[in-house]
Colleague: 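Before anything else, here's the structure in question.
Excluded from the calculations below are hydrogen atoms, water molecules and symmetry mates; all remaining heavy atoms, backbone and side chain alike, are included. All figures in this text were calculated on a predicted structure; none of them were measured in a lab.
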Amino acid sequence: MKVGVLALQGDVSEHVSVLIACGVYPTTVRRRSELDGVQALVIPGGESTTIAQLARIFDLFEPIRSRIAMGMPVYGSCAGMILLADRILDAKKDQESFGGLDITVRRNAFGRQVDSFESDISFDDGSKDLVRAVFIRAPWVENIGTGVTTLAQVDSHPVAVRSQSILATSFHPELSGDHRIHRYFIEEVAKVALEQVQ
Ligand code: GLN
């Protein structure tokens, strides 16, 4: 499977390392031609406003938006979740998202940088083992639309959600050494979605 990591800003190399550990050799995506060459995309954590602005500057914004709308499997962590959300609360003025995921997210919902935390949480992929989750100025999901499933929660706020070929987490599995979320994305989300279109 050809998986890309959007490489405009944020913790790109951490996602690349985890994907390699999962047996997928990703392409970094900064150009339209690189986007055209991938079947699935990971949007890293970082700063959602900066990633959106750089996507405009690099002429990637509309192409990414339309690939997602056409069903390209995509996984967003933290800022990536914000960029996938149809609606953003506490957004910066004129902040844009690629959208596609029928959720409302609240930016920086858990507090500021100093309120960052790690926690072992349950993730609904059929395993009873907890998953190590790192939250850094993380959003939470305030509302989900029909067709969106909650896979993990903290304090009754969804922090991992899925809608068909789109997966998003408020936290950073790429920083914890726990590869389960990436494996879930590859095996259960992306592979399944790509098999359906074949
Ligand atoms: N608070 C950041 C934003 O709004 C996200 C933080 C992160 O990705 N760790 O984009």
Colleague: Nearest 0.5 Å, what's the CG-CZ distance between L60 and R32?
Modeller: 8.5 Å
Colleague: Have a look at K191 and tell me which of E187, E195, E188 forms a side-chain hydrogen bond (donor to acceptor under 3.5 Å, both in side chains) with it.
Modeller: E187
Colleague: So, using side-chain contact (heavy atoms from CB on, under 4.5 Å) as the criterion, who are the partners of T50 when residues are at least two apart?
Modeller: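 So T50 forms a side-chain contact (heavy atoms from CB on, under 4.5 Å) with Q9, E47, L54.
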Colleague: Closest approach of D125 and S127, non-hydrogen atoms and distance?
Modeller: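 Closest heavy-atom pair between D125 and S127: OD1-N, 3.1 Å.
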Colleague: Test your reading of the model: is there a side-chain donor-acceptor pair from R107 to the backbone of A138, 3.5 Å cut-off?
Modeller: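 The answer is no, because no donor-acceptor pair under 3.5 Å joins these two groups.
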Colleague: First locate atom CD1 of I103, then atom CG of L84, and finally report the distance between them rounded to the nearest 0.5 Å.
Modeller: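 That separation rounds to 7.5 Å.
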Colleague: Answer yes if V74 and L194 sit in the same cluster of Ile, Leu, Val, Met, Phe, Trp and Tyr residues linked by side chain heavy atoms under 4.5 Å apart, and no otherwise.
Modeller: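 As far as the 4.5 Å side-chain criterion goes, L194 and V74 are not connected within one cluster.
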Colleague: Any chain of hydrophobic side-chain contacts (each under 4.5 Å) joining I181 to L6?
Modeller: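 Different clusters.
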Colleague: I need the D59 CG to L35 CG distance, nearest 0.5 Å.
Modeller: 12.0 Å
Colleague: Among residues two or more places apart or on two chains, list those pairs meeting ring-ring contact (aromatic ring centres under 6.0 Å, His included) that have a residue in residues 10-67.
Modeller: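 Checked against ring-ring contact (aromatic ring centres under 6.0 Å, His included) - neighbours excluded - the pairs reaching residues 10-67 are H15-H182, F61-F98.
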Colleague: Just to verify, which of L101, L167, V148 counts as forming a side chain to side chain contact (heavy atoms under 4.5 Å, CB included) with R162?
Modeller: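 Checked L101, L167, V148 against R162; only one passes side chain to side chain contact (heavy atoms under 4.5 Å, CB included): L167.
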Colleague: Side chain to side chain contact (heavy atoms under 4.5 Å, CB included) for V161 and M81? Distances and angles first, verdict last.
Modeller: CA-CA 9 Å; V161 290; M81 170 186 259; 4.2 Å; yes
Colleague: I need the R31 CZ to T27 OG1 distance, nearest 0.5 Å.
Modeller: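 Here the rounded value is 12.5 Å.
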Colleague: Are Y184 and F123 an aromatic pair, judged by ring center distance below 6.0 Å?
Modeller: yes
Colleague: Would S77 and E174 satisfy side chain to side chain donor-acceptor pair (under 3.5 Å), going step by step from the backbone distance to the final call?
Modeller: CA-CA 9 Å; S77 67; E174 72 279 13; 3.3 Å; yes
Colleague: Check whether any side-chain heavy atom of L41 lies under 4.5 Å from a side-chain heavy atom of Y75, and answer yes or no.
Modeller: no
Colleague: Step through the shown structure and confirm whether more than 12 heavy atoms of other residues, nucleotides or ligands are within 6.0 Å of CZ on R56.
Modeller: yes
Colleague: Does P173 reach the side chain of V131, with side-chain heavy atoms less than 4.5 Å apart?
Modeller: no
Colleague: Show the nearest heavy-atom pair for residues H172 and D11, with the distance to one decimal.
Modeller: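 Smallest interatomic distance, heavy atoms only, reads ND1-OD2, 3.5 Å.
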Colleague: Walk me through it: do V42 and V3 pass the test side chain to side chain contact (heavy atoms under 4.5 Å, CB included)?
Modeller: CA-CA 7 Å; V42 172; V3 180; 4.1 Å; yes
Colleague: Using every non-hydrogen atom in the two residues, find where G71 and S165 come nearest and quote the distance to one decimal.
Modeller: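 Heavy atoms only, the tightest pair is O-OG, 3.4 Å.
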Colleague: Counting heavy atoms not belonging to Q153, are there more than 12 under 6.0 Å from its CD?
Modeller: yes
Colleague: Are V18 and V38 in one and the same hydrophobic cluster, where Ile, Leu, Val, Met, Phe, Trp and Tyr link if side-chain heavy atoms are under 4.5 Å apart?
Modeller: no
Colleague: Work out which heavy atom in S97 is nearest to a heavy atom in R65; give both atom names and the distance.
Modeller: O-NH2, 2.9 Å
Colleague: Are the side chain of D86 and the backbone of G100 linked by a donor-acceptor contact shorter than 3.5 Å?
Modeller: yes
Colleague: Do the charged groups of D102 and R87 touch, with an N to O distance under 4.0 Å?
Modeller: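 A salt bridge links D102 with R87.
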Colleague: Show the nearest heavy-atom pair for residues A85 and V105, with the distance to one decimal.
Modeller: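 For A85 versus V105, the nearest heavy atoms are CB-CG2, 3.7 Å.
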Colleague: Any side-chain heavy atom of R30 within less than 4.5 Å of one from T28?
Modeller: yes
Colleague: Any side-chain heavy-atom pair from C78 and S170 closer than 4.5 angstrom?
Modeller: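 Contact flag for C78/S170 side chains = no.
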Colleague: Short question: side chain of T104, backbone of E142 - any donor-acceptor pair under 3.5 Å?
Modeller: no
Colleague: Please tell me whether R132 and S176 have a donor and an acceptor in their side chains that are separated by less than 3.5 angstrom.
Modeller: no
Colleague: Would you kindly say whether S48 and Q95 are connected by a side-chain donor-acceptor distance under 3.5 Å?
Modeller: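 Note: S48 and Q95 side chains meet the donor-acceptor criterion.
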Colleague: Would a 4.5 Å heavy-atom cut-off, applied to side chains only, mark D129 and R180 as touching?
Modeller: yes
Colleague: Let me check something: do I166 and I64 share a hydrophobic cluster, defined by ILVMFWY side-chain heavy atoms less than 4.5 Å apart, either directly or through other members?
Modeller: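 Same cluster.
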Colleague: Is there a side chain to side chain contact (heavy atoms under 4.5 Å, CB included) between T149 and I144? Walk through the geometry before answering.
Modeller: CA-CA 8 Å; T149 309; I144 60 171; over 6 Å; no
Colleague: Applying ring-ring contact (aromatic ring centres under 6.0 Å, His included), which residue pairs with at least one partner in residues 125-152 are found, sequence neighbours left out?
Modeller: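 Checked against ring-ring contact (aromatic ring centres under 6.0 Å, His included) - neighbours excluded - the pairs reaching residues 125-152 are F110-F135, F110-W140, F117-F135, F135-F171, W140-H157.
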Colleague: Determine, stepwise, if the pair D90 / R106 fulfils salt bridge (charged side-chain N to carboxylate O under 4.0 Å, His left out).
Modeller: CA-CA 6 Å; D90 295 335; R106 185 175 291 283; 3.0 Å; yes
Colleague: For residues I186 and M1, determine if any side-chain heavy atom of one lies less than 4.5 Å from a side-chain heavy atom of the other.
Modeller: yes
Colleague: May I ask whether V141 and L83 are part of the same hydrophobic cluster, defined by side-chain heavy atoms of I, L, V, M, F, W, Y residues being less than 4.5 angstrom apart, directly or through others?
Modeller: yes
Colleague: What pair of heavy atoms forms the shortest contact from T169 to A160, and how long is it?
Modeller: CG2-CB, 3.9 Å
